[in-house]
Amino acid sequence: MGVFDNYFPMGLGTGRFPIIGPDDSEGVEKSAQLTIKALEAGVNYIDTAYAYSAGMSNAALKLAFSGTKKTADVTVKVMHDMDKTADEARKRAEMQITSLGLEKAKFFVCWTIPTYEAFQDIMRKDGVYDGALKLKNEGLIEHICCSLHASVEDSIKIIKSDAFKGVTISYSLLNAMQITPVLDAALEHNVDVAVMNPLGGGIIAQNLNFFSFAAGENENTVIAALRFAKAHPAVKILLSGLSNESELNENLIAFTEKAKESNDERTVRVMKEIKGIDNFCVNCNYCENCPKGIPVAELMNKRNTLLFAPTERYNRIAPELLRNISLFYSHSHLGTAEWFPDSPNNPCNRCGKCEKICTQKLNIIDAIDDMYDRAGKVCYTLESRKERVGELLADKGYKKVGLYPNGGFANMVVDLYNRYWGEPEFEWLQFNSDPKMWGEKMGGLPIHSPEDINKLKPDVIIIPTYRHDKAIYEGLKHHEETGIKIIKLHRDTDVPWVF
Ligand code: SF4
Ligand code: SF4
């Protein structure tokens with residue numbers, strides 16, 4: 001029996017709860033009520049992580065569990081970039097079990113594995129996997145799973161390793177042609193799949209006309225898209241990231257009302273339609289082996305988003321910025337294995353090999369030019385990020401530099417500075433409003449309470465995060481009166497450094 005058998009086919013995703021910040025108790029309460037409604041509807045698998053919904057998804061779930069007799073199995077997640085040893089992995093998992101108000105969690109998830117090399121690092125002696133095994137022996141977790149953000153090839157290798165009995169993968173109408181071989185491998189190796197982003201991160205719901213080809217007779221497009229993502233036999237659970245009750249009710253229809261066509265009929269019909277869309281890269285990969293090493297299929301697949309209306313994301317509304325966020329956002333969630341150019345200089349020699357072979361007859365050469373050009377303008381190259389860190393921190397004579405909050409973005413700033421300017425003459429200080437973090441270390445640096453800002457007096461505080469940077473700036477700007485500079489890492493036209 002598979003690890004995701006016997007679960008309701010819709011799982012609750014907790015990354016889109018209506019919570020705007022760590023102090024948003026009203027948002028936490030609303031999210032708890034939404035969770036209770038989902039549990040009452042039959043949902044019994046919850047995908048959560050310590051960083052979701054401004055770091056408050058677990059607080060919302062704890063509140064929900066205390067308000068209902070219904071129960072659900074939950075995930076605890078460990079990202080190997082953050083926690084590298086067995087002990088660090090155990091500590092991170094135990095912290096999450098406690099924050100959920102539980103005594104154990106059903107699923108330990110090796111979170112966002114970006115490459116096969118990262119997987120090998122997770123599996124090394126005394127690495128994250130060893131930590132998970134110890135937790136399993138102690139009864140604190142039951143199953144070891146992973147979420148894959150790796151290339152198709154690496155994902156299949158990781159699945160074949162048999163290390164995980166359950167995987168979470170991004171799959172939808174947007175990347176169906178590309179990801180199907182991964183699902184096929186999972187089926188063959190008895191690895192159950194939970195699908196994340198079955199609505200393409202909101203793109204499908206916001207472009208209903210475009211995706212109406214997926215709908216069957218008298219079927220709503222959203223429901224059709226969900227049923228399509230569930231139709232592959234390896235897929236046992238679809239994760240639905242909910243913000244409100246109407247989304248819950250709409251998504252439930254896909255799983256509670258009987259569809260007119262079988263899963264196989266749906267898959268064949270919809271795949272045929274996908275191949276027929278104008279200007280749509282179907283990720284057939286025939287254009288691979290560009291002599292200049294450009295990942296043509298990956299870039300062309302990303303450009304499919306330019307066919308859609310801009311989708312509001314990350315608290316941003318400017319249409320061109322939204323277009324760029326969608327363009328560089330990871331729809332297939334290939335993580336750090338994805339294209340990230342060193343500079344905006346396009347290496348394409350216009351040999352035409354890719355255009356000749358493209359099954360969809362796409363204007364690839366101009367499109368590749370545009371990708372490099374945009375990447376440079378929106379800080380999506382190594383060169384432009386190095387320049388930004390230099391502009392903010394190099395040769396400023398600072399004695400103390402604050403980062404608020406700590407996390408993946410902050411780690412990138414520290415790494416880039418150390419890589420290009422060496423050990424700083426200033427001291428790094430990390431701040432976080434979450435009391436659970438105070439006194440902990442991340443990236444080897446201690447984390448302080450915001451109360452300590454007055455005592456520690458940094459010369460500057462960089463706000464490295466993206467989604468809530470404006471709100472954090474508003475909360476910190478009173479420190480400018482005491483001479484502390486407060487600066488957002490991202491400029492108004494930049495896409496997030498971490499998606
Ligand atoms: S035209 Fe450019 S992108 Fe296409 S194969 Fe040649 S070098 Fe690669
Ligand atoms: S050949 Fe064309 S359709 Fe196929 S992956 Fe390449 S760009 Fe996309």
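Computed from a prediction, not measured in an experiment: that's the story for all the values here. In what follows, every heavy atom counts, from backbone to side chain, and hydrogens, waters and symmetry copies are set aside. Whatever order the structure lists them in is the order used to number ligands and atoms, beginning at 1.
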Trainee: Give a yes or no on whether a salt bridge exists between Asp469 and Lys488, defined as a side-chain N under 4.0 angstrom from a carboxylate O.
Mentor: no
Trainee: Can you find a heavy atom in the side chain of Ile46 that is under 4.5 Å from one in the side chain of Thr75?
Mentor: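 No. Closest side-chain heavy atoms not under 4.5 Å.
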Trainee: Quick one: closest heavy-atom pair of Gly241 and Glu247, and the distance?
Mentor: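 Between these two residues, the closest heavy atoms are O-OE1, 3.9 Å.
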Trainee: Would you call Asp494-Arg388 a salt bridge at under 4.0 Å N-O?
Mentor: no
Trainee: Taking Lys396 first and then Glu391, would you say they form a salt bridge - that is, a charged N and a carboxylate O separated by under 4.0 Å?
Mentor: no
Trainee: If you leave out waters, which protein N, O or S atoms are less than 2.8 Å from atom 4 (Fe) of ligand 2?
Mentor: Cys284 SG
Trainee: Is a salt bridge present between Lys136 and Glu142, judged by a nitrogen-to-oxygen distance below 4.0 Å?
Mentor: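 Looking at Lys136 and Glu142, the cut-off is not met.
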Trainee: Do Glu338 and Lys302 pass the salt bridge (Lys or Arg N to Asp or Glu O under 4.0 Å) test, and can you show the C-alpha distance, the side-chain angles, and the key distance before you say yes or no?
Mentor: CA-CA 11 Å; Glu338 280 191 83; Lys302 279 178 176 294; 2.7 Å; yes
Trainee: Are Tyr52 and Trp111 an aromatic pair, judged by ring center distance below 6.0 Å?
Mentor: yes
Trainee: Give every protein N, O or S atom lying under 2.8 Å from atom 2 (Fe) of ligand 1, naming each by residue and atom.
Mentor: Cys348 SG
Trainee: Taking only Lys NZ, Arg NE, NH1 and NH2, and the carboxylate oxygens of Asp or Glu, determine whether Lys125 and Asp130 approach each other closer than 4.0 Å.
Mentor: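 So Lys125 does not pair with Asp130 through a salt bridge.
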